[in-house]
Peer 1: 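Dumping the structure here so I can ask a few things about it.
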Amino acid sequence: MNPGSIALGVNIDHVATLRQARGGHSPDPLLAALLAEQAGADGITLHLREDRRHIQDRDVQVLRGALQTRMNLEMAATTAMLELAVGVRPDAVCLVPERRAELTTEGGLDVLAQEATIAEACQRLTGAGVRVALFIDPEPAQVEAAVRAGAAAVELHTGAYAGARGAGQAAALARLVAAARHAAGCGLIVHAGHGLDFHNVQPVAAIPAVVELNIGHALIARAIFSGLPAAVVEMKRLMQAARPA
Ligand code: PXP
């Protein structure tokens, strides 16, 4: 990637959510992924949840064979998911915390509290040729735990920033800026995501150390009215326009 550029990973989970609402074949997450790639997505992100509420095992297999860019599989660090990921070998895995009752991934992974388990998962995935990112809150102690666990990357949880307003949002952004700088200084690749939309994306895209954003809900919501390719093109335009020269 060129210096100064930033990648967009398009999360297609919500297309699968809509499909599952009727239990049929439509809308097809594969078609969404291919359209997003054609419109300039740098990667496709999908979360195979333990309860299979949206993405199904078959989607993972089909997408693995069809994607032209990168497959980023979000998953919990359970034995069953690790088995599956080692079999599928996506380009990247993002380890996330998972609670059955949550609407979406509500907080970052507490790497500090489960360092040995996460380190083992990192080792297993890395050994299979998969790049591992840990989805963490923008806290220095979690960044340092991610380094010790052997992750190649962290994805900073932008949910607190996205949900705040005014001074609270500025403070949340400052925490993201500091965590991104700290993580890059520790040699980690830095991604960010969650709750980013067309209005709040630019200050995060402007953080020099952040090289990838993963965005789902806002893109699929916009796609209902304007189509997915137009939504992806507009998000990439906003992200790139915010980059430091
Ligand atoms: N990154 C991670 C690790 C996530 O779990 C999610 C939600 O699935 C996203 C990014 C995308 O969040 P949103 O759908 O709010 O853009």
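Remember, it's 1-based here, ligands and their atoms both numbered in the order they're listed.
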Peer 1: Within a distance under 4.0 Å of any heavy atom of Gly195, pick out the atoms of ligand 1 and give their elements.
Peer 2: 12 (O), 13 (P), 15 (O), 16 (O)
Peer 1: Can Ala218 be said to touch ligand 1, with heavy atoms closer than 4.0 Å?
Peer 2: no
Peer 1: Any cation-pi pair here, Arg175 with Tyr161, using under 6.0 Å and within 45°?
Peer 2: no
Peer 1: Return the orientation label for the His217 and His14 ring planes: parallel under 30°, perpendicular over 60°, tilted otherwise.
Peer 2: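 Rings of His217 and His14: perpendicular, over 60°.
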Peer 1: Provide the number and element of each atom of ligand 1 under 4.0 Å from a heavy atom of Asn11.
Peer 2: 8 (O)
Peer 1: Does the N or O separation between Asn214 and ligand 1 drop below 3.5 Å for any pair?
Peer 2: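 Between Asn214 and ligand 1, no N or O pair is found under 3.5 Å apart.
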Peer 1: Polar-atom distance check: Gly216 versus ligand 1, any N or O pair below 3.5 Å?
Peer 2: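 There is such a contact, yes.
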Peer 1: Which atoms of ligand 1 have any heavy atom of Val96 under 4.0 Å away?
Peer 2: 3 (C)
Peer 1: If you count heavy atoms of other groups shown closer than 6.0 angstrom to CD of Gln114, is the number above 12?
Peer 2: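 More than 12 within 6.0 Å, yes.
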Peer 1: Scan the side chains in residues 27-41 for donor-acceptor partners under 3.5 Å anywhere in the protein, sequence neighbours excluded, and list what turns up.
Peer 2:
unit_1	atom_1	unit_2	atom_2	d
Asp28	OD1	Leu30	N	2.9
Glu37	OE1	Gln68	N	3.1
Glu37	OE2	Gln68	N	2.9
Glu37	OE2	Thr69	N	2.7
Glu37	OE2	Thr69	OG1	2.6

Peer 1: Between His194, Glu155, His217, His191, which one has a non-hydrogen atom sitting closest to atom 1 (N) of ligand 1?
Peer 2: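 Ranked by closest heavy atom to atom 1 (N) of ligand 1, first place is Glu155.
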Peer 1: Return the set of residues passing side-chain contact (heavy atoms from CB on, under 4.5 Å) with Leu188 (not counting sequence neighbours), or none when no residue passes.
Peer 2: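 Only Val143, Ala146, Val147, Val154, Ala183 meet the side-chain contact (heavy atoms from CB on, under 4.5 Å) criterion with Leu188.
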Peer 1: For side-chain hydrogen bond (donor to acceptor under 3.5 Å, both in side chains), just list the numbers for Glu212 and Asn214, CA-CA rounded to whole Å, side-chain angles, deciding distance to a tenth of an Å, and then say yes or no.
Peer 2: CA-CA 7 Å; Glu212 176 177 311; Asn214 284 298; 3.1 Å; yes
